[in-house]
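Please read the structure below before turning to the comments.
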2 protein chains.
Amino acid sequence: MTEKTILIVDDEQAIREMVDFALTRAGYHVVGAENAGNALALLTQFRPDLILLDWMLPDISGVDLARRLKKEELYQDIPIIMLTAKVEEQDKVKGLEIGADDYVTKPFSTRELIARIKAVLRRSSPPEKEEALTVDQLVIDPRSHRVHVSGNELHLGPTEYRLLHFFMSNPDRVYSRSQLLDRVWGQNTFIEDRTVDVHVRRLRKVLSDTGYDHLIQTVRGAGYRFSAQVIA
Amino acid sequence: MTEKTILIVDDEQAIREMVDFALTRAGYHVVGAENAGNALALLTQFRPDLILLDWMLPDISGVDLARRLKKEELYQDIPIIMLTAKVEEQDKVKGLEIGADDYVTKPFSTRELIARIKAVLRRSSPPEKEEALTVDQLVIDPRSHRVHVSGNELHLGPTEYRLLHFFMSNPDRVYSRSQLLDRVWGQNTFIEDRTVDVHVRRLRKVLSDTGYDHLIQTVRGAGYRFSAQVIA
DNA sequence: CAGCTATGTTACAGCTTTATGACAAGTCAC
DNA sequence: GTGACTTGTCATAAAGCTGTAACATAGCTG
């Protein structure tokens, strides 16, 4: 998967650093802004997957900023978690009313913060397409995360599974090793092209018991192709 | 069982306090909201077992709010008792038409209120899916809250019971640890993903005596899957 | 056919994900 | 309170995967 980017908007440097440290360790990419103006400027530069917004900011209040973002079509889909020192029910309610997706009360544990971030991201990420794909007797079913050929389950490692799923979703088309790395491994991976060969080999090996390894064809000088047509 | 939570939506603080006092003493957990907006916001945070809704509210009328909630799949199962100062048959009918489960006329005695709440909760809690689920000789029966394999009862802790019930209700499908936390533990619990492993382990342990632990399968990199199908 | 390049295979050390057992804190009925 | 259960978290042990390097083959070019 791709790394998620989180924008933390808080005027206290200590908080930003703490959050940065915790979230980075949890595998997120963190960008900080110390006030609303900064945050807005940054938003024109890139699109975070989630925004952590302090309730009180020196220029525009976090509440107003949230309200503003939720009004703009471009930004309204970015989930927001409010950070607040206040504990009153009123504020909590207000925060949620303006469209924040959750709120965390200071002081908070990094564990809670991470848990809430995960929950919000999970809720807001679109459900994946989970149609089962079939080629002849070969079936890959994302819902059960299973691959089987006429009743016999095939065991694939995570990478081989993704590779096969990608191939079956995009049949009859050649992909270079680099393209496969981008599409199957993710965009920011730094892996040798030849590694793809190894995984193709592993996938073919599993498929070979049932003869379906022929579906994965080598296109010399170009890459690999998955062909839905069963070649005798 | 868990303590029942009741959301009281009324703009008069005196009423809220009175109800809070009475219901708390009766063993309920009470949360108050003074208007419909507040109530809606609160509903994103937790799920009450019942809502006491004033007929007239400052922003959206109680009637409209009730109608709205009953339309949404997520909330339509929460029983609603309308609180009304009016006594006309017309209103009574209207209230029930929109889907309220009962109504109480102000002024009301706390005894009456509690009695009606109990009645409504009793009536509305059973409609949960209570069917016993079976896989081969393994049976889980929500009515008796029991699990047994060919006559022998298995002892499961509450969490393991819910986990097994969830799995048996949703077979042949992978769930990530996070999804399981959402679905089995509830949406606003913030515990470690890895804790799921431990409960899976506990559940498997109990099932292992009868060999049914194999039904709970680990899908590396994806989560767990309960599968009745034994694919060779 | 020699020489060269692209692809196939295998082995493996390091790393990541799971499984497991132990534990302290929390609950609940007595 | 007390004792029997539960529960979430850790630390540690196991398993399972992954990316590379090295060597074997196959394919192409001239």
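Labels below follow one simple rule: chain letters A, B, ... track the order of the sequence lines, proteins then strands, and each chain is numbered from 1.
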How would you summarise protein contacts on nucleotides 10-22 of chain C per nucleotide, using B for base, S for sugar-phosphate only and - for none, with heavy-atom distances below 4.0 Å?
BBB----BBSSBB
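Between A:Val147 and the options A:Val139, A:Asp141, A:Leu154, A:Leu133, a side chain to side chain contact (heavy atoms under 4.5 Å, CB included) holds for only A:Leu154.
Nearest-nucleotide mapping onto DNA chain D: of A:Phe190 and B:Arg162, the residue sitting toward the 5' end is B:Arg162. Residue-to-nucleotide proximity on DNA chain D shows that, of B:Asp193 and B:Leu156, the 5′-proximal contact is made by B:Leu156.
Mapping heavy-atom proximity under 4.0 Å, the span of DNA chain D touched by chain A runs 5' to 3' from D:dT9 to D:dC28.
Under the ring-ring contact (aromatic ring centres under 6.0 Å, His included) criterion, A:Tyr161 pairs with A:His145, sequence neighbours left out. In terms of the ring-ring contact (aromatic ring centres under 6.0 Å, His included) criterion, residue partners of B:Phe166 (sequence neighbours excluded) are, by chain and number, B:Tyr175.
One finds the OG1 atom of B:Thr195 at 12.0 Å from the CG atom of B:Leu180 (value rounded to the nearest 0.5 Å).
A side-chain hydrogen bond (donor to acceptor under 3.5 Å, both in side chains) check over residues 7-17 of chain A, counting only residues at least two apart or in different chains, returns the pairs A:Asp10-A:Lys106, A:Gln13-A:Glu17. Listed by first and then second residue, the side-chain hydrogen bond (donor to acceptor under 3.5 Å, both in side chains) pairs that reach into residues 147-158 of chain B are B:Arg146-B:Glu153, sequence neighbours excluded.
B:Arg204 and B:Thr218 share a donor-acceptor pair across their side chains, judged by distance under 3.5 Å alone.
Side-chain contact between A:Ile51 and A:Pro48 is present, with heavy atoms from C-beta onward closer than 4.5 Å.
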